[in-house]
Amino acid sequence: MESKYTPALFEQKLSSFWESKGFFKGVVEKDKKPFCIILPPPNANADLHLGHAMYVYEDIMIRYHKIIGDNTLWLYGTDHAGIETQFVFEKHLKKEGKSRFDFERNVLFQMIFDFVAQNKNNMKIQLQKLGFGLDYENTKFPMDENIVKIVYATFKKLFDDGLTYRAKKLVNYCVNCGTSFSDLEVDYEEREGTLWSIHYPLRDGNDTITVATTRPETLLGDTAIVVNPKDRRYKKFIGKHAIVPLIGREIQIIADESVDMKFGTGAVKVTPSHDHNDWELGQRHSLLNIQVIGTDGKMTKEAGAYAGLSISKAREAVLLSLKEKGLLGEEKKHMHRVGRCYRCKRVIEPLPKEQWFISIKPLAAKAIDAVKKGEVEIYPKRFKKELIRILDNFIDWNISRQIVWGIQIPAYKCTEMRSNTCREAKGWFVAPEKPSKCPLCQSLLFHQDEDTFDTWFSSGQWPFVTLQTSGSEMYNHFYPTAVMETGHDILRAWVARMLMLGLHVTGKVPFKTIFLHGLVRDKKGQKMSKSKGNVVNPLEVINTYGADVLRASLMFETKEGSDVVLTDEKMIGMRNFGNKLWNIGRFIFMNRSVISKDVSTSVEMTNNKTLEKLKKELEDVKAAYKKNMDGYLFGQVLGDLHAFTWHRFADVYIEELKEKLKLGDSEVQMTLEKAFLECIVMLHPFIPFETEALWQVFKGENESILKQNV
RNA sequence: GAAUCCGUAGUUCAGUUGGUAGAACGUUGCAUUCACAUUGCAAAGGUCACAGGUUCGAGUCCUGUCGGAUUCACCA
C-alpha cells in the first residue's frame with residue numbers, strides 16, 4: 001500500500017469498475033423502495049463547469065440510498081438548450097465568417113445536431129471523472145423521437161384543454177438574435193439615459209401639452225397622451241386632441257390612474273406597440289397599435305419619412321426635426337433600467353408579435369395547491385414561500401421561439417379555411433403528427449408553424465418524459481421521483497414549470513422533494529464568472545487533487561441551500577483528510593497480519609473499556625449520520641465524520657490502542673477494523689473513490705461498498 | 001418600493017425546542033528512527049453589527065437602526 005493516497009492510481013480504474021459492474025444501471029426491483037433522481041440535464045454545448053460539479057449532492061443521495069438498500073436510479077440526459085446552443089454554435093460559425101442565414105433550415109439543424117452529439121459524449125466522460133453514479137446507458141435528449149412525441153402530446157393536450165392560445169402581444173424581441181424571449185430571459189441593467197420633453201400642439205387652440213420620454217423615436221407610433229385624472233394641471237386637457245409632431249396624427253388626451261404625477265411632466269405619450277406599460281394602457285382604453293419599429297430593428301413604413309432608418313438613427317433624426325420646429329423642451333439625464341438580451345446583451349425591443357402562449361393561472365393553481373398541501377417538500381424550507389409567490393405571479397408563458405434549434409411546434413395553419421370551424425379557429429390546429437389535410441376543413445393547403453418551443457417547455461416535462469420513454473415499468477415504479485435537486489436560481493424558470501406541467505399532464509407531482517443548493521463563490525465571496533477571471537475549472541482540480549477532493553470541498557463547511565466558498569485552503573484541507581484516512585487504513589491493515597501474542601490481563605482490562613467506549617461512540621455517530629442524511633444536512637454529516645474519524649477515532653482511540661494493536665491483540669484488531677470500515681461506508685457518498693479503494697484493500701479487489709448493506 | 005437571507009476568532013463558516021461561545025485554515029510554542037510533516041500535542045485569539053424589549057437566563061425569540069447579498073416589481 002502506498003504511504004500516500006494517489007487519486008490518479010484509482011479514480012479512473014474505479015469509474016470503469018463501477019460501470020462494468022453495472023451498479024448504477026436503472027433496473028426495477030419491485031420489492032425495494034424506489035429512489036429516483038432525474039439529473040437536471042446539462043447543456044450539451046460546452047465543457048463541464050463548477051455548476052455541474054454541484055450534481056455531487058445527487059450522487060451523495062444516490063450512493064447513500066444504494067448503500068442502505070433502496071432501488072436507486074439516477075437518470076441521465078442532456079439538454080438541447082435551444083437558444084443557448086444556437087448562440088454558441090453561431091459564434092463558431094462567425095469565426096468561419098459565416099452566419100446562420102447562409103444555410104437552409106434543415107441544413108443548419110443538422111449541423112447543430114452534429115455539434116451537440118460530439119459535446120454529449122464529452123460531457124459524459126467528464127461526469128464520469130467526477131465519480132457520478134449515473135445510469136449512463138439509458139441517456140435522454142429532448143430531441144429523441146420518443147420524447148418529442150410526448151412533448152407534442154402535451155402541447156396537444158394543453159391546446160385541447162383550452163390552455164394555449166395564439167395572440168398578438170408585446171414580446172421581448174432581440175433584433176440581433178432574431179427571436180423573442182420570455183420575461184425570464186431578459187436581463188436588466190441600470191443605465192444613464194436622457195429624458196426629453198416634447199411639446200405636442202393641441203388640435204384646437206394654441207395650447208401645447210408637454211410630455212417626457214426616453215424614447216423620442218417611438219413618437220411616430222403614438223396613439224394617445226395620458227395624464228392622471230387627479231392632476232389639476234391637465235384636467236382641462238382631458239378629452240381634447242393633440243397632434244403628434246412630425247407625423248401629424250391626431251390623438252386623444254386620456255386619463256389613467258397609472259400615471260405618476262411627480263415623474264417627468266406628468267403627461268405621457270402612449271405607444272402601445274413599443275412599450276409594455278403602454279400596451280397595457282392601450283388594451284384598457286382600446287387604443288390603436290401602430291408599429292413603427294420592425295423585427296429587423298429598422299423603422300417600418302408606418303414611420304413615414306423615417307422608414308428604413310435604424311432605431312438610433314431614427315432617434316437622432318426625430319430629435320433634430322423636433323428641435324428645428326421648436327418642439328423640443330428640456331433634456332435631463334436620467335437613470336433607468338434597460339432590458340437586455342441575456343445572450344447577446346443587445347437592448348431588448350418590445351414588439352407586437354403573434355405567438356403561442358400558455359395560460360398559466362389554472363396550471364399554477366394546481367401547483368400552489370400541491371405545495372401548500374405538502375405533496376412536495378422543499379429544502380431549505382424558506383423557499384416554500386418563494387415558490388408559492390413565484391407561482392402566484394406567473395404570467396402567461398410565451399413558448400414560441402424564432403430559432404431553428406429546438407422542437408418545432410406541431411401547430412398548423414390552414415390557409416384555405418373552408419369551414420366555419422376552421423375560420424373560428426383562425427385556421428390553427430394542433431396535431432401530434434403531420435396530417436395530410438386540415439382536420440377542420442379538409443383543405444390540403446396548410447403549413448406548419450416555423451417556430452420552435454422554448455427550451456423550458458420540453459425541460460419542464462423532463463421528469464415524466466424521461467421515465468415514460470424508459471418504459472411503463474420504469475415510469476410506474478419511479479414516478480413521482482424522490483428528489484429534484486437543483487440550484488435555487490432556476491426555481492422559477494424550471495422547477496415551477498415542471499411542477500405545473502407535471503401535475504397537469506400526469507396528475508401527480510413530478511417529485512416529492514425539492515432540494516436547492518447555492519452558488520459556488522470564490523474566496524472573496526464573489527460569483528464565479530469568466531469575465532472576472534475567478535473561475536475554477538473542475539477538470540483542473542481533478543487533475544491536481546482528484547475528484548474526491550473537489551467533491552468534499554464543495555460539501556465541507558456548507559449549510560443547506562447556502563452558497564459554497566471554494567478555496568485552495570479548503571481543497572488542501574480535504575486532501576490532507578484524504579491522506580489521513582488512507583493512513584488510518586494503512587495502519588490498521590499493516591497490523592492485521594500480526595500474530596497474536598500474549599497480552600497481560602491488566603492492559604486487557606483498560607483496552608476493553610476503551611473498546612466499549614469506541615463502540616458506543618460509533619453507534620452515536622451512526623445514529624446522527626442517518627438522521628442528518630435523511631434530513632439533507634450533508635455539510636453537517638461530512639463535518640461530523642471528518643471530526644470523528646480524524647480527531648476521535650485516530651487521535652484518541654488508535655493512539656490509545658496502538659501498542660495493543662502492534663502486539664497483535666485480535667480483539668483490538670477486529671474492533672478497529674470494523675469501526676474503520678463503518679466509517680468509510682459512511683464517508684463513501686462524499687469520497688467515493690478513496691473509500692472504495694480502501695474497501696478493496698480490506699475486502700478484495702472485486703468487492704464494493706455499494707454491494708453491502710449496513 | 002417589496003420579500004427573503006446574512007452580519008459570530010485574523011480568514012471561511014458551524015452553533016436545530018433559549019442554559020458556561022465551536023471547527024477548519026492561518027498564527028505561536030513544543031514533539032519526532034513511530035501509519036501519516038499532507039503528522040501529533042498545546043497555546044493565543046470573540047462587547048456574537050448596534051440599540052432596545054421578552055426572560056431567572058438571549059448568539060438564539062421580538063422590535064428598531066446600520067451594513068452586505070439575492071429575488072421580484074416599477075421607472076413614460
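Just so we're on the same page: letters track the sequence lines, and every chain starts at 1.
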| message | Taking the minimum atom-to-atom distance to the side chain of A:Glu386, which one of B:A35, B:U38, B:U71 wins? | response | B:U71
| Counting side-chain heavy atoms from C-beta on, which of B:C5, B:A3, B:G40 comes nearest to A:Lys580? | B:G40
| request: Tell me what A:Asp651 touches on the nucleic acid: a base, only sugar-phosphate, or nothing, going by heavy atoms under 4.0 Å. | output: sugar-phosphate
| query | What integer number of Å spans the P atoms of B:A23 and B:U70? | reply | 32 Å
| query | When we call it a touch if two heavy atoms are under 4.0 Å apart, what does A:Ser3 touch: a base, just sugar-phosphate, or nothing? | reply | nothing
| Residues that A:Phe556 engages under ring pair (Phe, Tyr, Trp, His ring centres under 6.0 Å), provided they are two or more places apart | A:His642
| Per A:Arg389 side chain, nearest of listed nucleotides B:U38, B:A3, B:C34 | B:A3
| Distance between the C1' atoms of B:G19 and B:U28, in whole angstroms? | 34 Å
| request: Using a heavy-atom cut-off of under 4.0 Å over every strand shown, decide if A:Val270 touches base, sugar-phosphate, or nothing. | output: nothing
| message | Please compare A:Arg575 and A:Arg215 by the position of their nearest nucleotide in RNA chain B and report the one closer to 5'. | response | A:Arg575
| field | Range-with-range stems for RNA chain B, at least three Watson-Crick or G-U pairs under 3.5 Å | value | B:1-7 with B:66-72, B:10-13 with B:22-25, B:27-31 with B:39-43, B:49-53 with B:61-65
| message | If you take the centroid of each ring, where Trp contributes its six-membered ring, are A:Phe515 and A:Tyr632 closer together than 6.0 Å? | response | yes
Polar pairs (N or O, both sides) under 3.5 Å between protein and nucleotides 16-22 of chain B?
{"unit_1": "B:U16", "atom_1": "O4", "unit_2": "A:Gln636", "atom_2": "OE1", "d": "3.1"}
{"unit_1": "B:U16", "atom_1": "O4", "unit_2": "A:Gln636", "atom_2": "NE2", "d": "3.3"}

| said: Under the salt bridge (Lys or Arg N to Asp or Glu O under 4.0 Å) definition, can you give me all pairs with a residue in residues 256-271 of chain A, not counting sequence neighbours? | reply: A:Asp222-A:Lys269, A:Asp256-A:Arg284
| From B:U38, B:C34, B:U4, nucleotide with atom closest to A:Lys4 side chain | B:U38
| task | Could you measure between the two P atoms, the one in B:A43 and the one in B:A58, and give it in whole Å? | result | 29 Å
| field | Nucleotide nearest A:Lys662 (side chain, heavy atoms from C-beta), chosen from B:C5, B:U38, B:C34 | value | B:C34
| Inter-nucleotide P distance (B:G18, B:U63), Å rounded | 16 Å
| said: Using the side-chain heavy atoms of A:Lys385, tell me which of these nucleotides is nearest: B:U4, B:G40, B:A35. | reply: B:U4
| said: Is the distance between the ring centroids of A:Phe10 and A:Trp582 under 6.0 Å? | reply: yes
| How are the rings of A:Tyr234 and A:Phe237 set to each other: parallel, tilted or perpendicular (split at 30° and 60°)? | tilted
| request: State which residues pass side-chain contact (heavy atoms from CB on, under 4.5 Å) with A:Asn289; sequence neighbours excluded, sorted by chain then number. | output: A:Pro272, A:Ser273, A:Trp279
| request: Looking at every strand, decide which applies to A:Arg492 at a 4.0 Å heavy-atom threshold: base, sugar-phosphate, or nothing. | output: sugar-phosphate
Review item, nucleotides 24-27 of chain B N/O atoms under 3.5 Å of protein N/O:
none

